[in-house]
Protein chains: 2
Amino acid sequence: MTHDVLFQKFVAFTAAVHEVTHELTRGVKNEDVTPVQYKILEYMMVSQPVTPSEIADCADLSLPNTSRELRKLIEKGLCEKATDDADRRRQLFRLSADGQAMMGRIFGQAQQGFEERVAGLTETELQELEQALELLQKKVFR
Amino acid sequence: MTHDVLFQKFVAFTAAVHEVTHELTRGVKNEDVTPVQYKILEYMMVSQPVTPSEIADCADLSLPNTSRELRKLIEKGLCEKATDDADRRRQLFRLSADGQAMMGRIFGQAQQGFEERVAGLTETELQELEQALELLQKKVFR
DNA sequence: CCCTTTACTTATCTTTTGATAACTAAAAGG
DNA sequence: CCTTTTAGTTATCAAAAGATAAGTAAAGGG
């Protein structure tokens with residue numbers, strides 16, 4: 001196994017991951033959010049509350065554009081804003097009840113699709129799966 | 001290990017994959033192509049020649065928009081067009097020499113970044129890595 | 001205090017991407 | 001042949017996303 005061949009497999013693998021995640025999150029297009037807005041909401045889902053700076057960093061957006069999209073998300077009633085008491089320059093954003101509900105719907109559909117994908121696997125295979133996931137995350141995708 | 005927990009790990013994993021691939025292909029922004037155009041070129045890289053219909057399917061674009069982006073890529077000298085002799089409605093697109101060179105640069109940088117990521121691993125670990133990659137691709141990302 | 005830095009916002013403009021209607025030309029099927 | 005289907009193109013418009021300049025307000029550091 002040369003490094004070249006391993007890299008080929010790596011490329012094929014990442015392409016497959018992108019395709020499958022795209023497939024699993026196709027529920028997003030039923031909701032009234034743009035791809036960039038979804039990315040922001042997804043980030044809030046795993047790490048709440050977040051500041052505009054954190055979002056800009058992680059979603060690869062400029063601060064002005066982040067600010068604009070957050071305003072739109074507030075207008076849509078999907079997230080809420082509060083000033084940080086410890087540092088009043090910082091603004092803390094979190095999902096609103098509606099936002100939580102929407103993300104719950106999307107994640108639920110994704111989970112269902114995931115379950116269907118692994119439905120045929122035995123308990124042993126699921127454990128192997130989990131170990132493979134953790135191995136890759138620890139050694140490559142960190 | 002409930003299915004719920006496995007799904008949580010799956011979500012974290014796919015997020016990590018997206019982040020790392022984004023990091024590895026950051027060389028794209030040095031080149032004069034938009035994200036959508038890059039996606040098309042990447043597809044040509046693995047499957048040449050391709051028709052507009054195939055690209056539209058796989059890159060999730062409408063045929064008119066695919067046609068427009070292909071025209072731009074031709075104008076930039078990154079790909080070439082030829083009519084299929086067997087069916088003269090079909091147009092066959094392939095990377096030009098310049099296009100090959102550009103994608104070679106980008107993939108080369110990505111491979112270098114990948115090598116750096118796995119640099120500290122032993123031969124045994126690399127084999128485990130390969131097996132994990134293949135396991136996941138076979139059982140989940142297909 | 002005053003000055004600088006940090007965090008964010010507003011406004012504006014450009015580019016990219018998405019959607020749709022209308023068209024051309026070749027193939028396929030009676 | 002003639003009609004329908006398939007493959008792709010052109011044109012146009014709207015929405016989304018990116019870039020940048022200029023501003024506000026709070027914090028931090030002499």
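This one's a predicted model, so the numbers in the text were calculated from it and none came from an experiment. In what follows, chains carry the letters A, B, and so on, assigned in the order in which the sequence lines appear, proteins first and then strands, with residues in each chain numbered from 1.
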**Message:** Strictly under 4.0 angstrom, non-hydrogen atoms only: write out the protein contact profile of nucleotides 21-30 of chain C, one letter per nucleotide from the 5' end, B, S or -.
**Reply:** B----BS---
**Expected output: side-chain A:S96 to main-chain A:L78 donor-acceptor under 3.5 Å** = yes
**Prompt:** Rounded to the Å, how far apart are A:Q91 CD and C:dT6 P?
**Reply:** 18 Å
**Asked** Of the non-hydrogen atoms in B:R94 and B:P49, which two are nearest, and what is the gap between them?
**Response** NH2-CG, 3.3 Å
**Asked** Base, sugar-phosphate, or nothing: which does A:K39 touch, judged by heavy atoms less than 4.0 Å apart?
**Response** nothing
**Prompt:** Heavy atoms under 4.0 Å, any strand shown: does B:K81 hit a base, just sugar-phosphate, or nothing?
**Reply:** sugar-phosphate
**Asked** In whole angstrom, what separates A:N65's CG from C:dT10's P?
**Response** 13 Å
**Prompt:** From D:dT9, D:dA17, C:dT10, pick the nucleotide closest to the side chain of B:L63?
**Reply:** D:dT9
**Message:** I want to verify a distance call: between C:dT17, C:dT12, C:dA7, whose nearest atom is closest to the B:P35 side chain?
**Reply:** C:dT17
**Message:** For A:F114 and A:F107, I'd like to know if the aromatic rings sit close, meaning centre-to-centre distance below 6.0 Å.
**Reply:** no
**Message:** What contact category does B:T51 fall into here, base, sugar-phosphate, or nothing, at under 4.0 angstrom with non-hydrogen atoms?
**Reply:** sugar-phosphate
**Message:** Taking the basic N atoms (NZ, or NE/NH1/NH2) and the acidic carboxylate oxygens, is any pair closer than 4.0 Å for B:E42 and B:K39?
**Reply:** no
**Asked** Out of D:dT12, D:dA16, D:dG18, which nucleotide sits closest to the side chain of A:T34?
**Response** D:dA16
**Asked** Counting distance only, does the side-chain N/O of B:H22 pair as donor-acceptor with the main-chain N or O of B:H18 below 3.5 Å?
**Response** no
**Request:** Please name the pair of heavy atoms, one in B:A132 and one in A:L136, separated by the smallest distance, quoted to 0.1 Å.
**Result:** CB-CG, 4.0 Å
**Asked** Can you tell me which stems DNA chain D forms when a stem means 3 or more consecutive Watson-Crick or G-U pairs under 3.5 Å?
**Response** C:1-30 with D:1-30
**Request:** Would you tell me whether B:Q111 and B:E115 have side-chain atoms, one donor and one acceptor, within less than 3.5 Å of each other?
**Result:** yes
**Complete:** In short, B:Q137 meets A:A16 closest at the heavy-atom pair NE2-CB, 3.7 Å
**B:K72/B:E75 under salt bridge (Lys or Arg N to Asp or Glu O under 4.0 Å): CA gap, chis, key distance, verdict** = CA-CA 5 Å; B:K72 289 182 185 170; B:E75 284 166 5; over 6 Å; no
**Prompt:** Within this structure, what is the CZ-to-C1' distance between B:R68 and C:dG18, rounded to whole angstrom?
**Reply:** 7 Å
**Request:** Please state whether the phosphate of C:dT20, meaning OP1 or OP2, lies under 4.0 angstrom from any side-chain nitrogen or oxygen of B:S62.
**Result:** no
**Asked** Whole-Å distance between C:dT15 P and B:E69 CD?
**Response** 14 Å
